[in-house]
Amino acid sequence: LPVRRWEKLFDMVDSLDIKRYVTQVSEDVFVIRQPIGLITTTIVVLVGEELAIVDTGLGDSAQSLIFPFLKQIGREPKDIKMVVNTHCHFDHIGGNKDILEASSAELAAHRADAPWIEDIARQRREIWERFGELHPIPEIPKEKELGCPVKRVLKGGEKLKLGNREFEVIHFPGHSPGCICLYDEAGGLLISGDSIQGQGHRAAPCPMVSDLKGYAEALKLISTRRIMCLVAGHQFMPFGSSPILEGKEAMQLVAESARTISRYIIAAENFFKERSDGATLAELRDFLSERFARGEKTLGGLFTTEAILHNLEEKKVVVKCAESDKWRKR
Ligand SMILES: [Zn+2]
């Protein structure tokens with residue numbers, strides 16, 4: 001398989017001063033931001049008598065950030081009782097193995113993403129089978145490839161006690177089939193992982209959404225909740241500088257997420273009006289990325305473009321050609 005080299009990413013945080021990467025959101029909620037290229041990936045530590053970790057960053061996060069941080073607050077890895085993955089992507093699950101080995105924590109994740117969390121090679125294989133040469137598969141070092149069993153399989157609607165707080169699990173399909181948000185109604189805290197994509201982020205300036213209907217419905221639902229603080233997985237745009245957003249900005253991110261997808265769909269519809277000979281998935285992806293994402297050809301862009309094609313097919317705006325790999329206007 002063609003590969004892109006990512007090893008550097010995993011070595012980056014070797015010698016960091018931990019405090020620079022930690023934000024205390026409230027007395028019992030800490031956000032660790034682990035660098036990943038142009039952005040960071042979020043690890044949330046919820047502190048009570050027992051500890052819980054939401055998302056575990058990249059492969060070396062436990063040794064380089066999480067365990068040293070716990071030491072600073074006078075706690076130990078064995079105090080961790082629950083690890084939750086908001087979804088299956090490699091930059092949110094990398095520390096699972098080290099944490100589970102150092103504690104008796106249970107791993108929790110949504111049932112739709114559990115198979116990919118348990119078998120990381122399968123993630124890569126299935127993405128390869130889906131997009132082939134359109135997207136070279138990132139090479140993840142072999143030792144980072146070990147999946148972990150998901151003991152607590154979620155379907156949405158459950159209540160989870162994490163640290164001192166009680167969270168509702170909100171299934172949020174879109175970015176991945178098994179994305180979840182964790183919502184603490186009493187505290188107005190929403191931990192959203194990559195569920196609420198905004199306009200994408202600086203490293204991949206296009207939202208990655210593979211289920212447009214699920215995404216739209218979940219965004220609508222979340223917009224009715226009281227959110228005082230939203231902790232996202234990355235610095236989603238238009239708020240590119242922080243993954244932590246307060247009330248008004250949080251609601252703006254939700255609204256902008258829905259608007260962004262609508263803009264993409266309208267642009268795609270107009271694109272097909274002017275292309276009587278139709279276009280392939282790659283051609284539409286390239287058009288949309290030129291238009292909205294600085295021409296960057298991201299994996300997220302492929303997922304989103306594919307979802308848009310299915311949406312336009314369902315609305316009978318386009319039809320897949322029988323004789324080629326193109327879609328054209330009906
Ligand atoms: Zn993700």
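Heads up: numbering here begins at 1 and tracks the sequence. If you're wondering where the values come from, they're calculated on a predicted model, not measured in any experiment. Counting convention: from 1, in listed order, for ligands and their atoms alike.
Distances from the Zn ion (ligand 1) show that Cys88 has no N/O/S atom below 2.8 Å. Among the atoms of His89, an N, O or S atom is found under 2.8 Å from the Zn ion (ligand 1). The Zn ion (ligand 1) has no N, O or S atom of Asp91 closer than 2.8 Å. Among the backbone and side-chain atoms of Cys179, no N/O/S atom is found under 2.8 Å from the Zn ion (ligand 1).
Remark: Arg259 engages Glu256 in a salt bridge, criterion side-chain N to carboxylate O under 4.0 Å.
When only modelled atom types and interatomic distance are considered, Thr40 and Gln235 share a side-chain donor-acceptor pair under 3.5 Å. A side-chain N or O of His87 and one of Asp194 form a donor-acceptor pair less than 3.5 Å apart. Using modelled atom types, one finds a donor on one side chain and an acceptor on the other under 3.5 Å when comparing Ser26 with Arg165.
The OD2 atom of Asp194 and the NE2 atom of His87 meet at the Zn ion (ligand 1) at an angle of about 90°, given to 10°.
Ring geometry for Phe236 versus His201: interplanar angle of 30 to 60°, hence tilted.
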